Amino acid sequence: MPQQSRPAPRWMALGCLLSLAATSAHADPASLALLPPRVESTTQSAEQVPSRGTSVLGVTASDPQGSPLTFTWTSTEGALAPPVHGATTSEVTWTAPDCLPPSSAPVKVAITNGHGLTSEVAFTFNVGGDLYLDYQKPFAASQFSHLNGVTLSENGSLRLALPHGPMNAERIIFEEPVFLSLQMVRKSAVASHTLGWMYHDELVARGYVGANDTLLDTNGNGIADLHEDLYNVAPHSGPRARPYIGVNPRCPRSFVSGGFTYSEPDLAMRSTCLSTFRRQPLADPRPGQGNTAYTTDVVGQWAVDTHPNGYSDRGRFARIPNLLEPALPDNDFKGLGRLAVLLTDDDEDATTYNQMGPVQDGRLALPDGIPDYDVSAYTAQGLPNPQNPDPGITPRDRKVTLGTIDRHREIVFFLVTYYESKHAPADTGITFPCLKKSPDGRCALFLQSPVSVFFSKAAWNLDMDTRGTSPAAEFNQGCTYRDTCDRVHPTTPTACALPGNGRPMCGWLDDLGMYTLRRPEYGAMMLPSERLVVPAASNGAMPHLALASSPAYPRRWLMGWEDLNGGGDRDFANVVFQLQAEPSGLARAASLGALPQDLDPRCFVSRVRVGKSDAFGPYCASTSEVYASYAISPDCRVCSAGTCVPNPTPTWLHAPLAAGVSETVMDVSTFQGQSLCWQASLGTRDFMCQPEVLNVDIGYELTRTP
C-alpha cells in the first residue's frame with residue numbers, strides 16, 4: 001500500500017540551548033569576560049520515532065575563546081550508542097523506548113570548553129508509532145483472524161463470498177449464516193395467498209415431527225397432530241384431547257368419524273356456526289380412481305361468507321391458522337409461524353378473494369411484482385411495524401426481509417391459500433384435502449375449507465396427488481410458458497427442446513414473469529434452458545413447491561407454488577417468489593504486528609488514523625442499501641509477561657467514515673489499549689450493487705501518562 005506523506009512537523013527546532021554555567025563561583029575577574037561554547041547547529045534525523053526505532057543526533061559548536069571542546073551525551077529514556085566526536089562536532093545514535101509522554105526531551109548533549117564553561121542542548125521526540133504512516137500491509141489471508149462471508153479476490157481486495165444454498169424444497173438449510181429476503185416475481189391466480197415460514201427444530205420441540213420428518217399422531221386418532229392443530233380438529237376433552245391453538249373455540253361443535261370424536265374446525269365453518277359434518281359419496285382422489293365414488297366422511301363447507309367471523313379461528317389474522325401466526329396473546333402464544341408476505345395480490349383490482357385476505361388490497365395497478373399492500377408497515381414476523389420506514393405502497397415494498405438464518409437451522413415455508421373448495425379429481429385434478437386415511441389408502445375424512453395450507457415439504461401436505469406420476473411435474477425453466485402447451489404431452493412449437501437430448505418440455509413462467517426477472521431489481525436473471533423437476537412425495541401427498549436454482553445465480557432461488565388441492569393444472573406458477581441470501585460478511589484483521597507483544601506496560605495507543613478505499617457496483621440504485629462500515633479496537637489482544645492471546649471481548653469503535661469521507665483520526669486514549677486491529681462489515685440488498693474494499697490504511701500513535 002502506498003505510504004501517505006506526513007504533514008510538516010508542528011515545530012522545526014531540532015535542539016534548544018538550555019544553560020550556560022561556570023565551573024567555579026570564585027572565578028577570577030579576568031574570567032568574567034569568558035563566554036561559554038556557542039552552538040552553531042543541531043541535526044536530528046527523526047523527531048517522530050517508532051517504538052524501539054532510532055534517530056541520529058548531531059551538534060556543531062565553537063568556542064569564542066578558541067579552547068578545545070568536549071561533548072557529553074546523556075539520556076533519561078532509551079539507549080545511546082557510543083558517540084563519534086570531532087573537534088567541533090559530535091554525533092550519536094539514540095534508540096527510542098516503546099513510548100514517551102508527548103513532546104518529551106530525553107536526550108541532552110553538554111558542550112564544555114577549556115575554561116569549564118558549558119552549554120547544553122536538549123532533543124525533543126514523539127515516540128511510539130506514526131499517525132501518518134500506513135502500518136497495514138497489502139491484504140493477505142494470513143492477516144485476518146476472521147473472514148466470515150468475505151473472500152479475498154485475485155486482485156487482493158475484499159469481496160462478499162457466495163453462500164451455499166438449499167439443495168431442494170424438501171430440505172431448505174444453509175451451511176453458513178445467511179441474511180434472507182424475498183421478492184414476489186409473479187402472481188397468476190384468482191386466489192389470494194399468504195407466505196410464511198417456520199423453524200424445523202421448533203416443530204420438533206413442539207412434538208409435531210419425529211424421525212425422518214414423520215408427522216406424529218401422539219393422541220392416536222388417525223390425524224397427524226400438526227394437521228389437527230392447524231385446523232383445531234382435536235376434541236376439547238377426553239383422553240385424545242389436545243390444547244386448543246387460540247384463546248377459545250368460536251364454534252364448539254363436535255362430530256364422530258370412524259369411532260373417534262373430533263371438533264369441527266372454525267376455519268371450515270361459516271359465521272353461523274351451523275354443523276358441517278356429513279357422509280356423502282365422493283370421487284376417489286387416488287391416482288386412476290377418479291371415476292370411482294365411495295361414501296365417506298366430510299367436515300367443513302364452502303360458501304361465500306364475508307362476515308368477519310366466517311371461516312375464522314379468531315387469531316390476530318382471522319383466516320390464517322393460529323398455529324402459523326407468530327406467538328401472540330390472540331393465539332394464546334401457541335403460534336410458531338413468521339408471516340413474510342401477508343398478501344400476494346398484485347393485480348388491477350382492489351379486493352382479495354371474497355374479502356378473505358389478512359390485509360386489504362390497497363392498490364389499483366398493473367402487475368409489477370409489488371404486493372398491493374404497504375409491506376413495510378409490517379415486521380418480518382407479520383406484525384404491525386411501530387416505525388414504518390417507508391409509508392405507502394412504494395418500490396421498496398417489493399422486497400421483504402426475513403432476517404438472519406443460523407447455519408444448519410432448517411426452515412420450512414408454507415403458503416396459506418384463500419380460494420373456493422372443490423372436489424373433481426377426474427375432471428380437474430382438484431380434490432378436498434384429506435385429514436385421515438383408511439388402511440387401504442382411501443381418504444376416510446375429507447376437509448372442505450376455503451383456507452388451505454401447503455408446505456415446502458411435500459409429505460406434510462393434506463391433499464392427495466391425484467395423478468400419481470413421478471415426477472409430479474417438470475418444465476423447461478428457460479422456456480416461456482404458452483397456454484397452448486400440453487404439459488402431459490408437450491410438442492413443439494409451443495414447447496421448447498432441452499439442450500442435449502432435444503426433448504420437448506413446456507415452459508414454466510409466462511412472458512411477464514420472465515420479463516420481471518430480467519429487471520435490475522431482480523438481478524437481471526435469465527433462466528437457463530434446463531429441466532426443472534418437482535419430485536413426487538413418498539406418501540402420495542401432493543407437492544406444492546417447485547424450487548429452481550442455477551449455478552449462474554448462486555445466491556438466488558425461485559419458489560413457484562401450486563395453489564390447487566390435488567395439483568389441478570400443476571403449473572407451479574400461481575405465485576412465484578425469488579428467495580435470496582442477501583450477502584453480508586465480516587473481515588476482521590489480526591492484531592497489527594507493528595505493535596510488539598512485550599510492549600512497555602506504561603504505553604498505550606492514543607490516536608488512530610483510519611483510511612479506506614472502497615467501491616460499489618456495477619449498478620446501484622437508491623434501494624440497494626449497500627454498505628461497507630469500519631471499526632477499530634485498541635484492545636484486540638490480552639498480554640501478560642510477554643505472551644499475548646486474542647481478546648474474546650474486544651472494544652469495537654465505529655470509524656465515522658460516511659459517504660465521501662475516506663479518512664478519520666480517532667482518539668482512543670481513554671481505553672489505554674496496547675494492541676490494535678480493525679474490521680470491515682459488508683452488505684447489500686441488491687445483487688447488482690456489491691461492495692468491495694480495495695485498501696485500508698492504519699496509522700497510530702503511542703503515549704504514556706507523564
Side-chain angles (χ1 to χ4, degrees), residues 1-6 46 48-55 78-79 95-100 125-148 150-153 155-158 586-614 630-653 655 657 663-669 671-681 693-704:
M1 299 183 186
Q3 178 174 323
Q4 298 194 24
S5 59
R6 180 160 55 90
Q48 182 75 43
V49 184
S51 300
R52 307 176 191 181
T54 60
S55 182
T95 300
D98 284 342
C99 67
L100 286 174
F125 296 91
N126 287 319
V127 174
D130 187 338
L131 196 62
Y132 294 95
L133 186 66
D134 181 14
Y135 291 97
Q136 174 60 50
K137 298 178 181 179
F139 296 153
S142 59
Q143 298 171 5
F144 294 92
S145 61
H146 297 77
L147 284 175
N148 297 336
V150 175
T151 186
L152 196 61
S153 71
N155 64 2
S157 64
L158 296 173
L586 175 71
R588 180 174 296 174
S591 183
L592 288 178
L595 281 163
Q597 292 196 14
D598 57 343
L599 189 67
D600 186 326
R602 298 174 296 172
C603 301
F604 56 88
V605 181
S606 56
R607 292 198 299 166
V608 180
R609 180 184 59 83
V610 183
K612 57 90 175 177
S613 175
D614 47 33
Y630 303 85
I632 61 166
S633 172
D635 58 1
C636 52
R637 288 187 312 199
V638 178
C639 300
S640 177
T643 300
C644 298
V645 296
N647 185 354
T649 57
T651 303
W652 288 106
L653 307 172
L657 295 169
E663 185 174 291
T664 187
V665 175
M666 303 170 63
D667 185 339
V668 298
S669 56
F671 298 94
Q672 297 197 1
Q674 290 196 304
S675 56
L676 190 63
C677 51
W678 63 271
Q679 67 180 21
S681 299
V693 179
L694 307 174
N695 182 39
V696 170
D697 287 350
I698 301 292
Y700 68 88
E701 289 178 345
L702 292 175
T703 191
R704 75 179 192 227

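Bear in mind the structure is a predicted one, so any value in this text is a computation, not a measurement.
Note: Q674 CD to D635 CG = 10.5 Å, rounded to the nearest 0.5 Å. D667 contributes atom CG, which lies 10.0 Å from atom CD of E701 (distance to the nearest 0.5 angstrom). Note that the OG atom of S606 and the CE atom of M666 stand 13.0 Å from one another [nearest 0.5 Å]. From N695, atom CG reaches atom CG of D134 across 6.5 Å, with rounding to the nearest 0.5 Å. Distance check: L133 CG to I698 CD1 gives 12.0 Å after rounding to the nearest 0.5 Å. Distance CZ/F604 to CZ/R704: 10.5 Å, rounded to 0.5 Å.
Across all their heavy atoms, R607 and V665 have their closest contact at NH1-CG1, 4.0 Å. Of all heavy-atom pairs between P634 and L676, the closest is CA-CD1, 4.2 Å. Closest approach of W652 and C677 over heavy atoms only: CH2-SG, 3.8 Å. Closest of all the heavy-atom pairs between V150 and L586 is CG2-N, 3.5 Å. In terms of heavy atoms, A141 sits closest to L152 at N-CD2, 3.5 Å. Minimum heavy-atom separation, S633 to P650: OG-CB, 3.4 Å.
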Assess the residue pair Y630 and T664 against the criterion (side-chain contact (heavy atoms from CB on, under 4.5 Å)); give the C-alpha distance rounded to whole Å, side-chain angles, the decisive distance to 0.1 Å, and a yes or no. CA-CA 11 Å; Y630 303 85; T664 187; over 6 Å; no

Verdict with reasoning, K612 to D697, per salt bridge (Lys or Arg N to Asp or Glu O under 4.0 Å): CA-CA 6 Å; K612 57 90 175 177; D697 287 350; over 6 Å; no

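Checked by atom type and distance alone, the side chain of S55 pairs as donor or acceptor with a backbone atom of A46 at under 3.5 Å. In this structure, the side chain of D98 engages the main chain of D600 through a donor-acceptor pair within 3.5 Å. In terms of modelled atom types and a separation under 3.5 Å, the side chain of S675 and the main chain of C636 share a donor-acceptor contact.
Across V605, T703, L702, L599, a single residue satisfies side-chain contact (heavy atoms from CB on, under 4.5 Å) together with C99, and that is L702. Shown are V696, V693, L694; of these, the side-chain contact (heavy atoms from CB on, under 4.5 Å) with L158 is made only by V693.
Using cut-offs of 30° and 60° for the angle between ring planes, the F139 and W678 rings count as tilted.
Remark: Y135 pairs with Y700 by the ring pair (Phe, Tyr, Trp, His ring centres under 6.0 Å) rule, at least two apart or across chains.
Between Q143 and Q136, the side chains place a donor N or O and an acceptor N or O closer than 3.5 Å (distance only, hydrogens not considered).
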